[in-house]
2 protein chains.
Amino acid sequence: MAQALRFRQVPPALKASCQQCSLSNLCLPLAVEENDLGSLEEIVQQGRIYNRGEHIFDQSTPFRSCFAVKSGSIKTSIISESGEEQVTGFFMPGELVGLDSMSGESYACTAKALERTSVCEFPVDKLEELTGKLPDLQHHMYRLMSQEIQNSHQLAMLLSKNTAEERIAALLLSLSSRFQRRRMSPTNFSLPMARNDIANFLGLAVETVSRVFTRFQNQGVIRARGREVELLDLEALQLVTREFSRQCNQ
Amino acid sequence: MAQALRFRQVPPALKASCQQCSLSNLCLPLAVEENDLGSLEEIVQQGRIYNRGEHIFDQSTPFRSCFAVKSGSIKTSIISESGEEQVTGFFMPGELVGLDSMSGESYACTAKALERTSVCEFPVDKLEELTGKLPDLQHHMYRLMSQEIQNSHQLAMLLSKNTAEERIAALLLSLSSRFQRRRMSPTNFSLPMARNDIANFLGLAVETVSRVFTRFQNQGVIRARGREVELLDLEALQLVTREFSRQCNQ
DNA sequence: GTAGTTATTTGACTTGCATCAAATTGGATG
DNA sequence: CATCCAATTTGATGCAAGTCAAATAACTAC
């Protein structure tokens with residue numbers, strides 16, 4: 001309660017409304033008409049703030065809601081019976097978490113805040129009711145879920161066919177464009193996740209991730225000090241991700 | 001036209017209606033009330049029959065419809081600019097193809113018939129209209145898409161963490177349970193896809209797939225002659241897929 | 001049937017990345 | 001600021017699976 005209040009004051013003069021949210025052009029409001037925004041605001045709940053490492057939900061939590069990241073970032077992962085973790089995604093402000101969980105009783109993954117993170121909560125029963133009434137919103141939901149399938153296919157492709165360098169270049173570029181969407185620097189940002197999470201996500205050993213980072217650094221492609229990263233040569237990175245395709249071509 | 005007619009006669013005494021379709025308990029009709037079935041039947045189009053190798057759609061086809069497999073099987077893959085292929089899925093009767101394409105103008109992948117295959121076509125504009133009216137159908141669509149995200153995450157997990165043997169065991173078990181759902185033998189079936197497709201899908205070299213098949217055969221776990229496969233020891237296969245987790249545990 | 005083509009199998013060799021081990025850095029806490 | 005624990009980096013070594021090569025085997029079409 002106190003936290004929520006405090007948060008609302010952080011971006012000064014912003015109420016907890018979709019209409020005023022700086023992310024409305026990335027998030028669900030993007031899909032609804034001006035005059036339908038009210039009905040979306042009615043169902044969205046101002047979520048609490050999570051500290052780094054806190055779970056938003058885990059695989060034993062009954063599935064109730066999807067969450068939009070408002071600030072901070074979230075890591076989702078599947079934890080198998082034996083306790084091994086597979087990171088399935090990283091979510092940045094404006095992105096929707098939980099779409100993979102709409103087919104079961106519990107969440108299909110565990111969502112953990114990578115840093116101090118605030119979210120908006122969309123209870124799915126109400127959301128489904130609303131998408132039944134607002135064709136544009138329904139259409140947008142289909143688009144979002146479809147996009148998530150595509151992303152996941154891209155990841156599978158990366159994992160099955162690309163080298164360590166290519167995978168890491170692809171991740172850096174993905175982060176870069178997601179920062180850019182939010183009008184932040186696409187070349188100068190701070191990684192929200194640890195090397196370990198990168199390694200797990202990309203199906204590599206931590207040591208390999210570390211080695212590739214230093215290799216890129218020595219080549220003058222990036223500059224990295226801890227989690228601070230500067231992409232010095234975007235084109236070189238794009239070239240790395242395409243390298244593989246080129247090789248197959250001839 | 002002639003083809004559609006001919007097909008309708010193949011399963012004798014079955015009209016081209018969801019109500020009579022033997023797959024209605026797997027496909028979209030599963031979600032709609034008896035008395036709403038009519039509206040679903042109104043929008044579904046009896047698709048044509050595709051011969052082995054024919055494209056149902058490819059990445060340049062404007063996205064219009066999702067397709068339910070009626071008989072036969074379909075392989076979807078992403079073909080990059082350079083022509084390399086990444087198989088993203090295999091679809092069997094009762095399964096819905098195209099859910100990954102709902103966020104763009106064209107299809108996100110290419111769908112190819114692996115054998116003589118018939119489909120039902122669901123134009124998405126009409127489908128979205130209908131799901132807006134039938135909450136149960138909408139809910140089912142969300143479930144299906146969500147399931148597809150999960151499947152894709154599972155695949156990514158398989159690709160990033162598991163050995164060749166584990167991947168192949170997992171695929172065989174997946175096929176097995178999908179045959180079982182259709183009340184066919186879970187231990188004795190014919191692979192719809194070539195070794196090459198299996199290799200591509202699982203991120204392996206064809207040679208490796210072949211070697212694992214013979215290894216499994218020598219261990220008495222399966223019996224394989226060409227595409228005919230018999231799973232002799234389901235438990236052993238399940239053990240293989242869990243092997244990895246066990247190892248991590250201790 | 002037979003030639004031509006493609007799919008599958010088997011063997012020999014190579015390699016990218018994992019693994020193991022240990023040093024170094026960075027953050028958190030009292 | 002000193003201690004502790006976790007994260008990151010670097011080096012040395014081994015192996016699973018890729019690659020190359022070549023021999024079947026299975027289809028196709030004439």
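Just so we're on the same page: letters track the sequence lines, and every chain starts at 1. These numbers were taken from a predicted model, which means no experiment stands behind them. The basis for the numbers below is simple: all heavy atoms, side chains too, and nothing from hydrogens, waters or symmetry mates.
Taking atom CG of L202(A) as the reference point, atom C1' of dA18(C) lies 15 Å away to the nearest angstrom. Regarding F213(B), its CZ atom lies at a distance of 16 Å from the C1' atom of dA25(D), rounded to whole Å. Taking atom CD1 on I168(B) and atom P on dT9(C), their separation rounds to 10 Å, with Å as the unit. Distance R215(A) CZ to dT9(D) C1': 13 Å, rounded to the nearest Å. What separates CD of E228(B) from P of dA25(D) is a distance of 19 Å, to the nearest Å. Rounded to an integer number of Å, the gap from CZ of R227(A) to C1' of dG26(C) is 11 Å. One can place CD of Q217(A) at 12 Å from C1' of dT9(D), the figure rounded to the nearest angstrom. What separates CZ of R225(B) from P of dC27(D) is a distance of 12 Å, to the nearest Å.
The base of dG11(D) is paired with the side chain of R211(A) by a donor and an acceptor separated by under 3.5 Å. Judged by distance alone with a 3.5 Å cut-off, no donor-acceptor contact links the side chain of R195(A) to the base of dT25(C). The base of dC20(C) is paired with the side chain of E207(A) by a donor and an acceptor separated by under 3.5 Å.
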| S177(A) and R181(A): CA distance, side-chain angles, deciding distance, side chain to side chain contact (heavy atoms under 4.5 Å, CB included) verdict | CA-CA 6 Å; S177(A) 71; R181(A) 263 184 11 140; over 6 Å; no
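Using a 30° and 60° split on the angle between ring planes, Y107(B) and F67(B) fall in the tilted class, from 30° to 60°.
Salt bridge K161(B)/E84(A): absent, no basic N to carboxylate O contact under 4.0 Å. Between E115(B) and R227(B) there is no salt bridge, since none of the side-chain N atoms of the basic residue sits less than 4.0 Å from a carboxylate O of the acidic one.
For T208(A) and dA18(C), the shortest distance from a side-chain N or O to OP1 or OP2 is below 4.0 Å.
Across all strands shown, A205(A) has heavy atoms under 4.0 Å from base atoms, whether or not it also approaches the sugar-phosphate.
The shortest distance between side-chain heavy atoms of E54(B) and K112(B) does not fall below 4.5 Å.
Comparing atom distances between the S210(A) side chain and each of dT8(D), dG18(D), dT9(C) picks out dT8(D) as nearest.
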